Amino acid sequence: MSFPLLTVVAAVPAAGAIATAALPAAKRTAAKWLALLFSLVTFALALVVGFRFDPGSKSPYQFTESHAWISDFGVRYELGVDGIAVALIALTTLLIPFIILAGWHDADPLEEATPNYHWRPTQGFFALILAVEAMVVISFEATDVFVFYIFFEAMLIPMYFLIGGFGDRAGGDGEDEAASRRSYAAVKFLLYNLAGGLIMLAAVIGLYAVTADQLGTGTFSLQQIVEARAAGRLNIGTGTERLLFLGFFFAFAVKAPLWPLHTWLPGAMGESTSPVAVLITAVVDKVGTFAMLRFCLQLFPEASSWATPVILVLALISVLYGALLAVAQRDIKRLIAYASISHFGFIILGIFAMTSQGQGGATLYMVNHGISTAALMLVAGFLISRRGSRLIADYGGVQKVAPILAGTFLVGGLATLSLPGLAPFISEFLVLVGTFSRYPVIGIIATLGIVLAALYVLVLYQRTMTGPVKSEVTGMPDLRVRELVVVAPLIVLLLFLGVYPKPLTDLVNPAVDHTLSVVDKKDPKPTVQVDAVPGGGRHGHAVHDQDVEAAK
């Protein structure tokens, strides 16, 4: 039996969560370093997976593991990764050490509130972060639908406590009111995602019933179901397939989040600490868009095509709605939250454009959005912790007193608006090109999101960083060494992937091609043909499908 590398990648942060939580209450510093150590080991293992992964392999999944688990119900412990999963596991394991470093003091208790050290908020905070990491990683690895569902839902529990129990201390209100807001945001997050999960559970059971009826034995294995459909041994009826697709898609759309199921996100991010806000939007929410590619499209190809027009419209609304709401925000963290809703609209747009450019761009967008949002939100968190306020109006002239903080904030903001030369640009460009090639009207309208992104980012920077120095920010310290260690690598990655995205594209493109082949979609043929003319010149003319058929 080969070494279970994927299991180990997920097990290390799980073991770290247990070890961190078990430390005595007085060992707060040891808990931080232990959590950081486990996160770095996990990242190193993820790098091993990435370097050993072969993008040219004919097998759709590598490092596969398959063991009987609940045999009576067809549940197997099956893991495997394609290029998309490898990229997202690398993103997750990369960000967790920075999240831990950025939140180094976020869970330190007030001594007067815990004089006897019986309460262990620091250990709990970092243990919960590692627990979320473990569940997200195994969600990216799972190729058994039931195994995926378990961890897809289980990650809600530690996230609930991170939002409700370790909220932002810079709200400017009394502790009771702040605790009430945190509790409301956490409960709303939990209820929305539980509702999506329960609907998905019904669809998971329905999928098992269909496979049991047609294959003789029920299965949750993604590969077995896809292969059975390709061989003609499994034929899910059109109506049944569409209902099952809606059950899966609803849960993923809540997690993503897609308009109008997005309303839990601004509150959850606004009331969380900045590192937890990054954990939500840069890590956890990616499970939703990833699952659309892995499960919705591959399990239900006909239903995916059937639902595409409606989903594209919803994604387009998310792009524009999120951007417009971001422009109107007065709260820094809620502005970034609404910007993320707009960005997730672009990602879903690329997925359901059903083109190689669109899905490749959407996958790159997942990675690049995670890096850019982490950079912007973490720097915003450092800024907020210094001033004690999330309101944009409470800042002004910060670049004169903290130039490095202002500079990194600007780079993170420019990446968020997809400036050429920074990583998100190529992602957004590919999504728009892929969408335009099949749905030109939607592609054209979606470009308005770029204009609005420039507006909310530049206005945010202008109001917080430029102008006269407000008395409240006079003497504000610049970024410290720990904070620079958090931000600098993210900035470097944004620059590197902005000018050389080839390592990522080489990794994800074969997986995108496999997904499109399962859905039986091909890129649209070019609508312009360029011919040579006498004298060495060239001219172009439109070529319509009927002309092509006539020529044949």
Side-chain angles (χ1 to χ4, degrees), residues 249-250 252-266 269 280-282 285-286 288-290 292-293 296 307-329 334-355 357-373 376-377 413-420 422-460:
F249 181 79
F250 183 83
F252 303 152
V254 172
K255 184 83 78 180
L258 177 69
W259 184 92
L261 305 172
H262 68 282
T263 58
W264 62 267
L265 182 65
M269 289 183 64
I280 294 170
T281 190
D285 288 354
K286 297 300 187 300
T289 47
F290 165 80
M292 291 179 189
L293 276 167
C296 281
T308 287
V310 174
I311 294 172
L312 290 177
V313 171
L314 294 178
L316 181 61
I317 294 173
S318 290
V319 169
L320 301 179
Y321 174 87
L324 285 170
L325 266 290
V327 172
Q329 290 305 303
R334 291 179 72 90
L335 184 152
I336 299 173
Y338 279 108
S340 290
I341 292 171
S342 181
H343 296 150
F344 276 104
F346 276 113
I347 293 170
I348 297 171
L349 203 65
I351 291 172
F352 284 90
M354 301 292 186
T355 60
Q357 299 99 327
Q359 290 191 358
T363 304
L364 293 182
Y365 215 138
M366 288 187 237
V367 176
N368 294 332
H369 169 264
I371 299 171
S372 62
T373 299
L376 182 60
M377 179 61 85
L414 293 176
T416 298
L417 64 82
S418 299
L419 183 77
L422 295 174
F425 168 74
I426 185 63
S427 314
E428 200 163 278
F429 177 78
L430 287 172
V431 166
L432 290 172
V433 168
T435 303
F436 181 83
S437 65
R438 196 181 291 276
Y439 304 98
V441 174
I442 290 179
I444 291 170
I445 298 173
T447 57
L448 294 175
I450 302 174
V451 179
L452 293 172
L455 181 61
Y456 62 69
V457 168
L458 296 178
V459 169
L460 172 64

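Given the structure is predicted, the values throughout are model-derived calculations rather than measurements.
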Using a 4.5 Å cut-off on heavy atoms from C-beta on, say whether the side chain of [Y] contacts that of [X].
X: Leu430; Y: Leu364; result: yes
X: Leu432; Y: Ile450; result: yes
X: Lys286; Y: His369; result: yes
X: Val433; Y: Phe429; result: yes
X: Ile280; Y: Asp285; result: yes
X: Met366; Y: Leu293; result: yes
X: Leu320; Y: Ile445; result: yes
X: Ile442; Y: Pro440; result: no

My understanding is that only residues two or more places apart in sequence, or in another chain, count here; which of them pass ring pair (Phe, Tyr, Trp, His ring centres under 6.0 Å) with Phe352?
Phe249
Checking Phe290 now: which residues fulfil ring pair (Phe, Tyr, Trp, His ring centres under 6.0 Å) with it, not counting sequence neighbours?
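Scan of Phe290 (ring pair (Phe, Tyr, Trp, His ring centres under 6.0 Å), adjacent residues dropped) gives Phe140.
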Got a sec, which residues hit side chain to side chain contact (heavy atoms under 4.5 Å, CB included) with [X], two or more places apart in sequence or on another chain?
X: Val254; result: Tyr192, Asn193, Phe250, Leu261, Trp264
X: Leu324; result: Leu452
X: Ser342; result: Val319, Ala323, Phe346

Checking side-chain contact (heavy atoms from CB on, under 4.5 Å) against Val457, which of Leu417, Leu419, Leu335 comes through?
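One option only clears the test, and that one is Leu417.
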Among Met269, His343, Met377, the one residue meeting side-chain contact (heavy atoms from CB on, under 4.5 Å) with Thr281
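Single pass found, and it is Met269.
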Please determine whether side-chain contact (heavy atoms from CB on, under 4.5 Å) holds for the pair Ser372 and Leu422, giving the CA-CA distance in whole Å, both sets of side-chain angles, and the decisive distance to 0.1 Å.
CA-CA 9 Å; Ser372 62; Leu422 295 174; over 6 Å; no
Quick test of your reading: applying side chain to side chain donor-acceptor pair (under 3.5 Å), list the pairs with at least one residue in residues 425-438, sequence neighbours left out, ordered by first then second residue.
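Only Tyr365-Glu428, Asn368-Ser427, Ser418-Glu428 qualify under side chain to side chain donor-acceptor pair (under 3.5 Å).
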Measuring from [X]:[atom1] to [Y]:[atom2], what's the distance to the nearest 0.5 Å?
X: Leu316; Y: Ile348; atom1: CG; atom2: CD1; answer: 12.0 Å
X: Thr416; Y: Ile336; atom1: OG1; atom2: CD1; answer: 7.0 Å
X: Leu314; Y: Trp259; atom1: CG; atom2: CH2; answer: 6.5 Å
X: Ile341; Y: Leu265; atom1: CD1; atom2: CG; answer: 5.0 Å

Would you sort out whether Val431 and Ile347 count as a side-chain contact (heavy atoms from CB on, under 4.5 Å), showing the intermediate values?
CA-CA 7 Å; Val431 166; Ile347 293 170; over 6 Å; no
Please find the pair of heavy atoms, one from [X] and one from [Y], that lie closest to each other, and give the distance.
X: Ala315; Y: Gly345; value: CB-O, 3.5 Å
X: Phe252; Y: Gly288; value: CB-O, 3.5 Å
X: Ala339; Y: Ala326; value: N-CB, 4.0 Å

Is the His262 to Phe344 ring centre distance short of 6.0 Å?
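No; Phe344 has its ring centre 6.0 Å or more from that of His262.
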Do side-chain atoms of Thr447 reach the backbone of Ile444 as a donor and acceptor pair under 3.5 angstrom?
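Yes, the answer is positive, given that a donor and an acceptor are paired below the 3.5 Å cut-off.
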Distance-only, no hydrogens or angles: does the Ser318 side chain make a donor-acceptor pair with backbone N or O of Leu258 under 3.5 Å?
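Not a single qualifying donor-acceptor pair exists.
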